[in-house]
Amino acid sequence: MEYAAQCQASGNLASTRRDAAAFLDNPGLTDLDGATSRQNLVARWTSIADAHCAIGDLNMQNGTFAEAAEAWLCALTAFEVTRRLIDEGDPQHGDVSTKIERGIQRLNSSLVQKIERINIACFDQVEVPAYYLRAASPNRHTPAVICISMEQESAATLLGRLLPVVIGQDLSVLVISHDDISSGSRSHSNLLLSCCLDYLSRRPDVDARRIGVYGEELSAVLATDFAACDRRLAAAVCDGGLWHRSRNLASVGWMTGAATSTGEHAVPAHRAQRIRLLKCPVLVVAGGRGIVSVSEAVKLQAECMQAHFDLQLVVPRMIRSQGWEIENFVSSDDCIFGWLKQKLAASDRVRAVNRSFDESQSVRPA
């Protein structure tokens, strides 16, 4: 197995991510024969990740820093596959998370784009710990994204998954933990996120008019609330307000003693009511292990199309087998961050067109 892992670890980042995506799309995963087969897959992907780490260490010793960085990015992708295969209650889950943090530290030693560990000062001596990776072009005002991890997931774990996607791009990311901003009320979370947005806006390498937010699972709810209250955001990957709507329907059904369908008619709010509070393009991730159902998201998208609101939908590819499921995070992350880069770049082009129009109007003879 070690030799096979070394063979698979000999490729570059693009091939490693293709291999991971192909594995996660393999219909054969649905035929796994219980825990033993899963443990064999965990051992296989752990060996692949460890082999990439060994290659990275060797390249670092030889002074080939770019090759070392690519090897560690490959390792982070393989560790994320491993993490998805392990049950959250399994002790191995913590071991893999520790390896991801070590991989980030190793990677940072070879990067020109250094990963900064920062504390964002907010109010009353409250600070939000975060990771910051600036864009590849240091002398440009580039877009940035605030990335919020899932509940009970560390910022380092999310960073380890996203680094292979965003490294070398003209996009900065600020990665924070759900648990660090969700302990209080909704207004408290919005205030903390606004402090994060303030921090990015003050950075000389960030275009303050092209900042987005990205949240997963319950963090997608936080992203919706934040985008609704802070109009400075240029794009949001969120739940589109569907979680709050589902909760309201359940509350009405419980209070009236009626079924959910009755509660739906009793709720006067339109499905797209909350989305109207957002003034930026929205991407809703539905299905899989998330909190947004595909059927509700499709209905919301149809209503937004009728209202000419820019909302798009992505449904991650999932493999389900004997009570567990695994998402193809490789294709999902590529899709999500491709959308973010497109929308944040488009917001810059729209402003440029508007600026040109204003200038032409200012010199037009009376």
Side-chain angles (χ1 to χ4, degrees), residues 14 17-18 20-21 24-25 77 80 133 135-136 142-150 158-159 161-175 193 197 200 206-207 209-217 219-228 230-243 272 275 278-292 294 296-298 300-305 307-318 327-351:
R17 290 183 66 78
R18 281 195 302 269
L24 296 170
D25 275 343
T77 297
E80 183 63 24
L133 176 74
T142 56
V145 179
I146 300 170
C147 303
I148 315 168
S149 75
M150 295 181 289
L158 176 59
L159 177 65
R161 195 186 92 213
L162 296 184
L163 278 172
V165 184
V166 300
I167 203 81
Q169 302 290 324
D170 282 335
L171 179 74
S172 299
V173 292
L174 182 77
V175 182
L193 286 168
L197 183 53
L200 288 175
V206 171
D207 185 342
R209 299 165 299 178
R210 291 193 291 158
I211 299 175
V213 64
Y214 161 53
E216 292 187 309
E217 297 192 8
S219 293
V221 180
L222 298 180
T224 300
D225 292 340
F226 180 42
D230 200 316
R231 303 298 176 84
R232 294 176 293 171
L233 288 169
V237 181
C238 59
D239 81 321
L242 291 176
W243 185 82
I275 207 74
L278 280 64
K279 301 302 179 184
C280 65
V282 167
L283 179 69
V284 173
V285 182
R289 300 188 305 168
I291 60 172
V292 177
V294 175
E296 282 293 294
V298 169
L300 176 64
Q301 184 184 37
E303 292 174 0
C304 287
M305 288 178 64
H308 304 289
F309 183 86
D310 188 355
L311 181 143
Q312 296 183 40
L313 175 65
V314 60
V315 180
R317 299 201 295 266
M318 302 289 296
E327 173 193 343
N328 190 330
F329 69 90
V330 177
S331 59
S332 295
D333 290 344
D334 287 343
C335 177
I336 290 168
F337 278 84
W339 180 89
L340 280 166
K341 287 187 285 186
Q342 178 189 31
K343 291 301 178 181
L344 294 175
S347 66
D348 189 44
R349 288 195 298 270
V350 168
R351 282 194 302 274

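Values in this document were obtained by computation on a predicted structure and should not be read as measured data.
- Val292 is not listed as a side-chain neighbour of Val285, based on a closest heavy-atom distance of 4.5 Å or more.
- You'll find the side chain of Leu344 reaches within 4.5 Å of the side chain of Val145, heavy atoms only.
- Shortest non-hydrogen contact noted between Phe329 and Thr77 is CZ-O, 3.9 Å.
- Contact between Ala236 and Trp339 at its shortest, heavy atoms only, is O-CH2, 3.7 Å.
- Annotation for Ala234 and Arg209: closest pair CB-O, 3.7 Å, computed over non-hydrogen atoms.
- Taken from CG in Leu133 to SG in Cys147, the straight-line distance is 10.0 Å, to the nearest 0.5 Å.
- Put simply, the side chain of Asp25 reaches to within 4.5 Å of the side chain of Arg317, judged on heavy atoms.
- In terms of heavy-atom proximity, Val330 sits nearest to Ala20 at CG2-CB, 4.0 Å.
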Under the side chain to side chain contact (heavy atoms under 4.5 Å, CB included) rule, what do Leu162 and Val173 come out as? Steps first, then yes or no, please.
-> CA-CA 9 Å; Leu162 296 184; Val173 292; 5.7 Å; no
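- The heavy-atom pair separating Val221 from Trp243 by the smallest distance is CG2-CB, 3.5 Å.
- Between Leu197 and Phe226 the shortest side-chain heavy-atom distance falls below 4.5 Å.
- In this structure, CZ on Phe309 lies 8.0 Å from NZ on Lys279, to the nearest 0.5 angstrom.
- In this structure, the side chains of Cys238 and Leu278 come closer than 4.5 Å at one or more pairs of heavy atoms.
- Between Leu193 and Asp230 the shortest side-chain heavy-atom distance does not fall below 4.5 Å.
- From Gln169, atom CD reaches atom CG of Leu340 across 12.0 Å, with rounding to the nearest 0.5 Å.
- To the nearest 0.5 angstrom, Gln312 atom CD is 6.5 Å from Gln342 atom CD.
- Between Leu313 and Ala286 the shortest heavy-atom distance is CD1-CB, 3.7 Å.
- In the model, Thr142 has no side-chain atom that pairs as donor or acceptor with a side-chain atom of Asp170 under 3.5 Å.
- Checked by atom type and distance alone, the side chain of Asn328 pairs as donor or acceptor with a backbone atom of Ala21 at under 3.5 Å.
- Of the inter-residue distances, the one linking Arg17 atom CZ with Ser331 atom OG reads 9.5 Å to the nearest 0.5 angstrom.
- Expressed to the nearest 0.5 Å, how far CG of Leu24 lies from CE of Met318 amounts to 10.0 Å.
- Asp333 has its side chain within reach of Tyr214: a pair of non-hydrogen atoms, C-beta onward, lies under 4.5 Å apart.
- Formation of a donor-acceptor pair under 3.5 Å by the Thr224 side chain with backbone atoms of Asp239 is found in this model.
- Within the 4.5 Å cutoff, the side chain of Lys343 has no heavy atoms near those of the Leu283 side chain.
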